[in-house]
Amino acid sequence: MCGIFAYLGPSEKAAEIVLKGLKKLEYRGYDSWGIAAEQENGEIVIEKHVGKISEVVTLGKELTEPAHLAMGHSRWATHGGVTEYNAHPHTTENQDIVVVHNGIFENYLELKGDLIKKGHQFRSETDTEIFAHLIEEEMEEGFEVAFRRACKKVHGRFGVLAMHKGEKTLIAARRGSPLIVGKAKDGALFIASDVPAFLEYTKDIMYLDDNQMVILADKTARFYDMETDQSLEKRLITIDWKEEEAQKGSYAHFMLKEIMEQKESLARAINSDTELILKAAEMIKKAYGTTLVGCGTAGKVAMVGEYLFANVAKKHVNVKFGSEFKSARHFLTDRSLMIAISQSGETADTLEAIEIAKTKGTKILSIVNVETSTMARLSDLVIPLKAGPEKAVASTKATTSQIAILTLLAYAVADRLKEGKQMLIEAEGKLNDMLNPRYEEHIESVADQIKGAKDIMIIGRDMNYPIALESAIKLQEVSYIHAEGFAGGELKHGPIALISEGTPCIIIAPNDEYKQEILSNAMELKARGALLIGVSPDNAEIFDIWIKVPSAGNASPIMDLIPIQILAYKLAVLRQNNPDMPRNLAKSVTVK
Ligand code: G6P
């Protein structure tokens, strides 16, 4: 969470470059923002505000003065409320040292106490501010040494970036939170939490890995090991991202664009490299115990995976949410396998699970969208989603690609890859029945009928039970209506008490062996006054509203989810919420 971006180069418009780039990182946090620039006379000027950086049209006068060095931050609040004081950058009292930070300095209270005793004064409630003061304490031997010493004092996972008045230098360090250096042909240097910030200027990048720091000055990036202080050689990598993929185009929101892109993204996932899928399947077959790990939506995808492996390959796999992984470490050995599922590849809890697994010698297979991510680089084998950039906070196209890849893997483990692929291809061929304006209109009319609801319940069985859970996440994230997903059979053990006259209940009823059972559960709801919305290939008499989905066999989790993604989107728009940037959330959760 939190986006960091800095520029050092020949342009006089450093602050404007940073403003523009930060807007592309806004998905990482949008509570407040701030930019600091070093003007030609050496003065550091700072502007920071509460609110979304995407809404900023022009910077204040001081920041539009010529500057070749600027850094900025878009915040997702952790320590300290959403106020201008707590917005980054943070500085020393004299504003000579300026810092932006992503992550958490876990021991900041202790360090802050010591600094206060030494006479330092603080303006914010953040953990970040201490870092500027820690550097100041150590400045005797210069900025570089001071920065390094400050890093050694802080605990936790972080990405931190600092500048010191008059030095025309940026220093950054990473322990857990991503930072990537970009180098343009004109000698300009960039450092950012994610590549899109500088993609329009360069595709040549260098990664900062954990426990490394980088010094950007005089058109050069020098890398060091944070522990040993030894200098490191880094390879310049040219990435093949397309700038236009990260734009909204003619769509009103990224969320809708990404839902509609599922025609292409799913086709790419289904056509994943066969060799790679077979290799991954071999790892699963050989493993003494496989655990699927993910967070949020990816965690629900992991649950779908558990059912897929059981139903298709008759194989038991374990599932853990990243944040709940720790207890599973007792069962890992060097013959176990972890399958990490993630869009960003930067989710702190999933990364932590991987780190724990690696200490046991467990092999890591990741299914991840951002191929350049930390997760991908920590893995023994990576199956890329190839879904293209996903910008809306609520995951859609990455989700269905993840399910498609798990489906391929389950079939490959059952030695039936061809059959599984064919089934997915047939399902994909039916996507046009859903991803079209008429269907969208129908779902909009459903959204209109339920937009005033206080609660929405979703039920499913078997593979579609986790889809009910994921549907609830989608609805919560963007509509802000209380939504909950349940296994159909569990309703009568408690949740049914919540149903009252008119409560919308979504019934996921594919043509599978559980159809009669889920329809019986729907009847139980109807008898208590629920408004039944059936998501099913066939209409049923009990449905008050029917959303038709193609019949798709074991691809039903993918097909059933799509109309609910559209419903969540439509509800958000009708309720005047911003579906791309829901309140209180961030796309990439890089704190535990
Ligand atoms: C956040 C996002 C979700 C996502 C989850 C896991 O909560 O809002 O859309 O599912 O993080 O992210 P990952 O990048 O690991 O898939």
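Counting starts at 1 for both ligands and their atoms, in listed order. Residue numbers count from 1 along this sequence. Both backbone and side-chain heavy atoms feed into the values below; hydrogens, waters and symmetry mates do not. Computed from a prediction, not measured in an experiment: that's the story for all the values here.
Salt bridge annotation for R174-D210: present, with a cationic side-chain nitrogen under 4.0 angstrom from a carboxylate oxygen. A salt bridge links E477 with K474: at least one charged nitrogen is closer than 4.0 Å to a carboxylate oxygen.
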Tabulating one pair per line, provide the atom names and distances (0.1 Å) for every N/O atom of ligand 1 that is less than 3.5 Å from a protein N/O atom.
from     : atom 1 : to   : atom 2 : distance (Å)
ligand 1 : 8 (O)  : V393 : O      : 3.4
ligand 1 : 8 (O)  : A586 : O      : 3.4
ligand 1 : 9 (O)  : V393 : O      : 3.1
ligand 1 : 10 (O) : T297 : N      : 3.1
ligand 1 : 12 (O) : T347 : OG1    : 3.2
ligand 1 : 14 (O) : S342 : OG     : 3.3
ligand 1 : 14 (O) : Q343 : N      : 3.4
ligand 1 : 14 (O) : S344 : N      : 2.7
ligand 1 : 14 (O) : S344 : OG     : 2.6
ligand 1 : 14 (O) : T347 : OG1    : 3.4
ligand 1 : 15 (O) : S342 : OG     : 2.6
ligand 1 : 15 (O) : T347 : OG1    : 2.5
ligand 1 : 16 (O) : Q343 : N      : 2.7

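A parallel orientation is assigned to the rings of Y201 and F190, their planes being inclined by less than 30° (bins at 30° and 60°). Between H101 and F105, the ring-plane angle classifies as parallel under the 30° and 60° cut-offs. Using a 30° and 60° split on the angle between ring planes, W33 and H49 fall in the tilted class, from 30° to 60°.
Within the 3.5 Å criterion, the main-chain N or O of G81 finds a donor-acceptor partner in the side chain of E125.
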